[in-house]
Number of protein chains: 2
Amino acid sequence: MTTRRDAVHDTLRKSEGFRSAQDVYAEMRLHGAKIGLTTVYRALQALADGGKVDVLRTDDGESVYRACATDAHHHHLVCRRCGHTVEVAGPAVERWAEMVGSEHGFTEITHTVEVFGTCSSCSMPARIG
Amino acid sequence: MTTRRDAVHDTLRKSEGFRSAQDVYAEMRLHGAKIGLTTVYRALQALADGGKVDVLRTDDGESVYRACATDAHHHHLVCRRCGHTVEVAGPAVERWAEMVGSEHGFTEITHTVEVFGTCSSCSMPARIG
DNA sequence: CGCCAAAATGAAAATGATTGTCAAAATCCC
DNA sequence: GGGATTTTGACAATCATTTTCATTTTGGCG
């Protein structure tokens, strides 16, 4: 059934930013869930295929997942320090990508856009400590 | 010295689209070059660090490299069929990313933008064969 | 030229995420 | 209940990339 898959989805919902499959697995085990790593991977893939979660690749090639608030196409603004993520819609970017593509005779345009930065909390000078 | 690194760079220049480290290695060995896989990886990284080549990740997590025509910041329009790559400047996207970031209080904005599509040659109905 | 130190090289082992395998367990259909 | 089907998960296998480490090359210097 989808019991395990839902459990994975729930774990993801409770997380603030993007989490790797290994993270999700570790987290679930911490909370006493009886689940295997293989199943977590499968659940995550199924969820991603069904558009239930978003996937992106970190710089070191790890896939990270996040349960997103909306089904609509959107991008992410991710804090490179704490992982805090904001979903952003970017009609301007969509149009730009389409335009750039068709200008060069390309069709079936898709694009990947991710924005990274340091969020306000993290960019505050660390006065404490 | 930089002999090997230059050889790697040259191999990349001769390639049309993005190539993986393994590709470059195989290609060089084909042409009789005496070089190790480790060295190819190191050369590619050094080149990338120095901004001499561009890197991006394929969907299956492989790093691919390309010797780019310009040093300036730019993005790529890549044919998902044949790998043919066009370099595109996107001032609009740069501004958009900055704006989105600062709107949410993020600083030190960076972004990744890649556009994929099917180029005109590849989208022609395959009449032959 | 010979010699030492630092950097470069590469073969092989290590790493680490992800995927495949396959038998056991859960679930479904009747 | 009983058998077919799907799901699960421990473990092995994959595969790109990194590390390790001993050897080679290079550069400076007398």
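Lettering follows sequence order; numbering is per chain, from 1.
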Using whole Å, report how far CD of Gln22(B) lies from P of dG10(C). 15 Å
Distance check needed: dT17(D) P versus Gln45(B) CD, whole Å only. 9 Å
Nearest-Å distance, CG (Leu47(B)) to P (dA8(C))? 14 Å
Look at the side chain of Arg80(B) and the backbone N and O of Cys119(B), then say whether any donor-acceptor pair between them is shorter than 3.5 Å. no
Any donor-acceptor N/O pair under 3.5 Å between dG20(C) base and Arg42(A) side chain: no
When the ring planes of His111(A) and His73(A) are compared, do they come out parallel, tilted or perpendicular, using 30° and 60° as the limits? perpendicular
Is the number of heavy atoms from other residues, nucleotides or ligands under 6.0 Å of Arg29(B) CZ greater than 12? yes
Take the protein atom CZ of Arg5(A) and the nucleotide atom P of dT8(D), then report the distance between them rounded to whole Å. 9 Å
Would you kindly give the CD1-to-P distance between Ile35(A) and dA25(C), to the nearest whole Å? 18 Å
Between Arg4(B) and Lys34(B), what is the shortest heavy-atom contact and its length? NH1-O, 2.7 Å
May I ask you to evaluate whether Tyr41(B) reaches the phosphate of dT17(D), defined as a side-chain N or O under 4.0 Å from OP1 or OP2? yes
Considering only heavy side-chain atoms of Ala21(B), the closest of dT17(D), dG10(C), dT18(C) is dT17(D)
side-chain N/O Thr38(B) vs dT19(D) OP1/OP2, d < 4.0 Å: no
Given dA16(D), dT8(D), dG10(C), identify the nucleotide with an atom nearest to the side chain of Arg4(A). dT8(D)
Tell me whether the count of non-hydrogen atoms from other residues, nucleotides or ligands lying under 6.0 Å of CG in Asp10(A) goes above 12. yes
Nearest whole Å is fine: how far is dA10(D) C1' from Leu37(A) CG? 10 Å
Between dC15(D) atom C1' and Glu62(A) atom CD, what is the distance in whole Å? 16 Å
Nearest whole Å is fine: how far is dT9(C) P from Tyr25(B) OH? 14 Å
Applying a 4.0 Å non-hydrogen cut-off, can you work out what Ser63(A) is touching in the nucleic acid: base, sugar-phosphate, or nothing? sugar-phosphate
